[in-house]
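Residue numbering restarts at 1 for every chain, and letters A, B, ... go by the order of the sequence lines.
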Number of protein chains: 2
Amino acid sequence: MDIAAVARRAGVSTATVSRVINSSSKVRENTAAKVRAAIEELNYRPNSSARCLRSGRSNLFGIIVSDIRNPFFPDLIEHFELLATQHGIDVTIANTGYNEQRLVAAVRRFFERGIDGLAIFTSEVSNATIELLRSADVPVVFLNQPALAGDFRTVTVDYIQGFVEAIEHLRMLGHKKIGFLAGPVTQNSANRRRKAFLAAMKACDLSLRDEWIFEGDHRLTGGRFAAERLFTMRNAPTALVCSNDMMAIGFLETASRLERRVPDEVSLIGFDDLFVCEVVHPALTTLHLSRKEIATRAFYALQASRNESLEHEPAVISPYLVPRASTGSVARLKSKAG
Amino acid sequence: MDIAAVARRAGVSTATVSRVINSSSKVRENTAAKVRAAIEELNYRPNSSARCLRSGRSNLFGIIVSDIRNPFFPDLIEHFELLATQHGIDVTIANTGYNEQRLVAAVRRFFERGIDGLAIFTSEVSNATIELLRSADVPVVFLNQPALAGDFRTVTVDYIQGFVEAIEHLRMLGHKKIGFLAGPVTQNSANRRRKAFLAAMKACDLSLRDEWIFEGDHRLTGGRFAAERLFTMRNAPTALVCSNDMMAIGFLETASRLERRVPDEVSLIGFDDLFVCEVVHPALTTLHLSRKEIATRAFYALQASRNESLEHEPAVISPYLVPRASTGSVARLKSKAG
DNA sequence: TTCGCAAATGTAAAGCATTACATTTTGTGC
DNA sequence: GCACAAAATGTAATGCTTTACATTTGCGAA
């Protein structure tokens with residue numbers, strides 16, 4: 001059941017069979033039909049190792065995420081995979097668990113397999129990794145690494161605009177003491193969010209105290225710790241914006257355990273809009289970030305790289321606020337306190 | 001940067017280099033060291049297409065899940081991938097979205113890539129698919145397809161035992177009118193859960209009315225609809241066991257929207273123990289199903305197949321009850337009603 | 001009918017690692 | 001120092017497809 005068998009059966013050469021399979025050059029319709037019939041009858045499937053070895057193309061895209069347990073990423077994966085499959089491209093996935101070592105290992109493995117494109121949806125990207133990526137001649141697209149836009153394609157999120165929207169929303173509700181639950185300093189994507197938040201606060205003419213910035217880890221745990229801290233500090237912020245939903249959800253969980261009420265005691269805003277936001281209590285106000293759009297932009301960026309179409313306009317995604325029950329008027333809060 | 005370059009640099013033949021890489025036969029330590037040095041210096045990485053083509057081994061396992069958005073599966077994937085990586089095996093993932101077509105397509109693609117093992121964590125498995133799997137000589141392991149245990153390795157969940165535990169728990173709380181929110185009839189795994197629930201009810205000497213069985217889809221939606229039905233029916237069950245957590249969570253969401261109280265008006269039990277169970281309101285009582293154990297058993301089943309070790313004992317996983325806030329005493333319920 | 005050109009098809013090399021088999025080296029016992 | 005078995009290494013074929021280049025076919029014009 002190799003290509004030679006098909007060729008014999010169809011009474012043509014292997015080259016012709018190959019041409020039919022790849023539609024790489026014209027074959028008379030008559031001949032093509034015979035070949036297709038033979039393929040069908042023998043139930044032939046080309047061996048992708050051989051194809052990849054010979055042609056240098058694998059028809060395989062790699063996608064690397066930092067935390068597959070964060071529902072943000074499965075969404076991203078699903079959209080990306082669907083799109084790729086529609087284009088006849090396979091996708092292979094790696095999860096780093098926020099670990100740079102695992103990222104490098106994954107990149108190596110992918111390169112050995114000769115992937116044709118690589119989407120990196122993680123933030124822990126060291127210089128060594130960048131070098132590694134540069135050395136291989138493979139199209140790469142990053143999420144939220146605008147600093148790399150010179151060398152690689154990028155899809156970035158307009159965090160500032162998103163945070164401004166969140167802060168405006170809180171201000172309308174009367175909040176002035178707004179805190180931020182940040183991601184780990186070791187991740188440059190988390191740092192971008194942090195900086196964007198500061199910039200947004202400045203843009204909104206609000207001042208931010210150092211002790212209103214809480215350090216987190218982008219997982220549930222980070223939110224849990226932050227809640228314990230916030231509810232025991234004096235002069236706590238009346239509203240907290242979180243760097244992602246997972247932490248906001250962890251915050252809610254602990255708040256509920258401590259019998260503290262959101263938004264009555266503190267208003268909370270997340271980031272991402274995971275499906276869980278609708279089912280937690282109270283439903284979480286958050287900034288929606290479209291996974292479909294990110295996946296689509298990333299995918300086409302890779303396709304464009306492959307086709308040497310060199311227009312290099314970085315895609316920018318705008319999040320937007322989805323108001324739910326976790327944010328409330330500061331007046332209500334004060335009346336309770338007083 | 002092919003193997004010949006390494007061989008030249010180390011002053012040996014390509015065969016020797018290959019032997020060092022694969023530790024396939026003895027090489028004098030002295031020689032091996034030279035080879036390793038050459039590999040290091042040239043930063044050589046073997047081309048996996050060539051290896052796979054020649055050896056017939058790809059060092060690649062495939063894993064297919066039915067719904068990557070259901071947090072159950074990312075957990076499974078993470079554990080499986082971690083284990084595989086530790087054993088030097090790559091993992092490639094496909095998501096079917098409960099669609100049999102996509103399952104078949106994924107299997108085909110995987111076979112073309114010459115995967116060495118395939119873990120199928122989906123339930124929509126048709127006979128045509130079984131045939132396809134049988135025709136290829138690749139180790140396969142299924143989750144919850146005990147009917148296939150004759151032909152393939154399987155990991156199964158002891159649903160009956162799990163449901164008995166859930167029902168006993170409810171009975172202790174005084175419930176006798178217990179309903180079931182089932183998964184789609186088109187999935188045989190869902191059917192197994194349904195049958196197991198019926199068996200468990202019988203084992204507990206409880207009777208079950210037909211109208212207390214709700215049809216769902218194993219996603220949030222199914223739970224939402226079920227809640228709307230249950231809260232408007234007369235003679236509704238006082239407790240509801242769900243075929244999975246996603247539906248239970250959808251149920252909670254709609255209950256909250258309808259301002260109906262769980263467990264005051266109805267007790268709710270889920271299945272899986274997703275991370276969200278702790279953060280929804282009320283926290284969801286559920287049956288914990290260990291993803292780590294499933295992943296581990298499945299992985300070693302594949303490894304065993306590869307090594308021709310033919311002991312064929314199907315692994316059985318026992319879920320256990322995790323009581324949380326969504327189940328309550330029926331007395332409390334009656335006092336409210338009365 | 002014949003010529004010439006473009007289109008279609010065929011031939012065979014190449015891509016890179018593994019491995020059966022052949023050959024050389026090493027080490028042991030005398 | 002020699003013979004011989006065992007261990008280490010080398011040679012070259014092999015896996016399957018793609019593709020550069022060579023050849024044949026088809027077709028319109030003369």
Side-chain angles (χ1 to χ4, degrees), chain A residues 1-39 42-60 88 90 108-109 111-116 136-137, chain B residues 1-39 42-60 88 90 108-109 111-116 136-137:
Chain A
M1 26 16 185
D2 62 354
I3 203 174
V6 176
R8 274 194 302 278
R9 177 111 187 184
V12 300
S13 72
T14 61
T16 300
V17 176
S18 174
R19 283 189 269 253
V20 171
I21 293 170
N22 300 292
S23 23
S24 49
S25 81
K26 275 276 162 270
V27 173
R28 193 157 309 161
E29 176 48 31
N30 202 351
T31 322
K34 278 192 297 185
V35 170
R36 279 192 294 265
I39 288 175
L42 296 173
N43 195 24
Y44 163 78
R45 310 276 157 196
N47 174 316
S48 29
S49 298
R51 309 181 83 175
C52 177
L53 175 58
R54 175 58 233 223
S55 70
R57 279 168 277 117
S58 62
N59 247 13
L60 187 65
D90 288 359
R108 287 240 160 77
R109 292 198 317 264
F111 283 171
E112 281 172 31
R113 300 235 174 247
I115 52 162
D116 285 345
D137 188 32
Chain B
M1 29 15 190
D2 62 354
I3 202 173
V6 177
R8 272 194 302 279
R9 176 110 186 185
V12 299
S13 72
T14 62
T16 299
V17 177
S18 174
R19 282 189 271 255
V20 171
I21 293 170
N22 301 289
S23 22
S24 50
S25 82
K26 275 275 161 274
V27 172
R28 190 158 312 164
E29 178 47 34
N30 203 351
T31 321
K34 276 190 299 184
V35 171
R36 278 193 294 265
I39 288 175
L42 297 173
N43 195 22
Y44 163 77
R45 308 280 157 192
N47 174 316
S48 26
S49 298
R51 309 181 84 174
C52 177
L53 175 59
R54 176 60 234 223
S55 71
R57 278 167 279 116
S58 63
N59 247 11
L60 187 65
D90 287 359
R108 288 240 160 77
R109 292 198 317 263
F111 282 172
E112 281 171 31
R113 300 236 174 243
I115 53 163
D116 285 345
D137 190 31

Report which part of the nucleic acid [X] touches: base, sugar-phosphate, or nothing (heavy-atom distance under 4.0 Å, all strands).
| X | result |
| --- | --- |
| B:T31 | sugar-phosphate |
| A:S18 | base |
| B:V17 | nothing |

| Nearest atoms (heavy-atom pairs only) where A:A38 meets A:A10 |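 So the minimum-distance heavy-atom pair works out to CB-CB, 3.9 Å.
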Suppose we screen for side-chain hydrogen bond (donor to acceptor under 3.5 Å, both in side chains). Which residues come up paired with [X], at least two apart in sequence or across chains?
| X | value |
| --- | --- |
| A:R36 | A:E29 |
| A:N30 | none |
| A:D90 | B:R109, B:R113 |
| B:D116 | B:S58, B:R306 |

| What is the 5' to 3' range of DNA chain D, first to last nucleotide, that sits under 4.0 Å from any heavy atom of chain B? |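 With heavy atoms of chain B under 4.0 Å away, the range is D:dA8 to D:dC16.
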| field | Residue pairs involving residues 17-27 of chain B (criterion side chain to side chain donor-acceptor pair (under 3.5 Å); sequence neighbours excluded) | value | B:S18-B:N22, B:N22-B:R51
| So A:I21 and A:Y44, side-chain contact (heavy atoms from CB on, under 4.5 Å) or not? Walk me through it. | CA-CA 11 Å; A:I21 293 170; A:Y44 163 78; 3.6 Å; yes
| field | 5'-most by nearest nucleotide on DNA chain C - B:S55 or A:T16 | value |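 Result: A:T16.
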| By side chain to side chain contact (heavy atoms under 4.5 Å, CB included) - contacts of B:A37 (at least two apart) | B:E41
| note | Contacts of A:S55 meeting side chain to side chain contact (heavy atoms under 4.5 Å, CB included) (sequence neighbours excluded), chain-then-number -> A:R57
Check the interface with nucleotides 14-16 of chain C: list each N/O to N/O pair with the protein under 3.5 Å, or write none.
unit_1	atom_1	unit_2	atom_2	d
C:dA14	N3	A:R54	NH1	2.7

| task | Just report the end-to-end axis angle for the helix from C:dT1-D:dA30 to C:dC30-D:dG1, five pairs per end, to 10 degrees. | result |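 The two end axes of the helix from C:dT1-D:dA30 to C:dC30-D:dG1 meet at 30°.
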| message | Nearest heavy atom decides the nucleotide; on that basis, is B:A15 or A:R57 closer to the 5' end of DNA chain D? | response | B:A15
| Residue pair A:V27 / A:T16, side-chain heavy-atom distance below 4.5 Å |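 With C-beta onward as the side chain, the pair touches.
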| task | Could you check A:I39, A:V17, A:N47 and say which one makes a side-chain contact (heavy atoms from CB on, under 4.5 Å) with A:I3? | result | A:V17
